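The structure appears right after this line, and notes come after that.
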Amino acid sequence: MSVERTFSAIKPDAVAAGKAGEILAMIQQAGFKILALRMTRLTDAQARAFYAVHKERPFYAGLVKFMTEGPIIVMALEREGAIVKLREVMGATNPANAAEGTIRKRFATDIERNAIHGSDAPETAETELRFFFSTADLL
Ligand code: IDP
Ligand code: MG
């Protein structure tokens, strides 16, 4: 396994609930280095573009509304096998199926309001990092 980068976002539900600090601690305890981080609030156009892969899905409109309801914290993370490892630390999309000790098991409300995003593959990690961060941020 090689050192790689992935993209993550703490979603509006978890930021509003004051859980960002605990989630960041879990990410760091799992051995990730935070390369870049900032708080932002997505516009409707940004949320639609970020989740464009899901635009035909029945949950797309609700997802865009949720992701724009308040601030999110976006970050670039680095670790050996970062993409797969972050997905493990996050837990399953639906918290009802998430393993004990995962971020979603602890902090998600339901399949939509599930506290955290993480890239699912090397290509999406690259695209999502580029969506939020510049070259200079990631040096
Ligand atoms: P992931 O975040 O675990 O990669 P995806 O299938 O890529 O899951 O879905 C993106 C996001 O869309 C989820 O994290 C969740 O917020 C929302 N979502 C996924 N499936 C559903 C659903 O069936 N109903 C409502 N929202 C959903
Ligand atoms: Mg996904």
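Owing to the predicted nature of the structure, the values given are computational and were not obtained by experimental measurement. Numbering of ligands and ligand atoms starts at 1, following listing order.
The side-chain heavy atoms of Lys33 and Arg79, taken from C-beta on, include no pair separated by under 4.5 Å.
The minimum heavy-atom distance linking Thr40 with Phe132 is given by the pair CG2-CE2, 4.3 Å. The two residues Arg5 and Leu129 come nearest to each other via the heavy atoms CB-CD1, 3.9 Å.
Within 4.0 Å of ligand 1, counting heavy atoms only, the contacting residues are Lys11, Tyr51, His54, Phe59, Leu63, Arg87, Thr93, Arg104, Ile111, Glu112, Asn114.
In this structure, Thr102 contributes its side chain and Val89 its backbone to no donor-acceptor pair below 3.5 Å.
Ring-centre distance between Phe66 and Tyr51: not below the 6.0 Å cut-off.
Salt-bridge check for Glu126 with Arg130: passed, with a basic side-chain N closer than 4.0 Å to an acidic carboxylate O.
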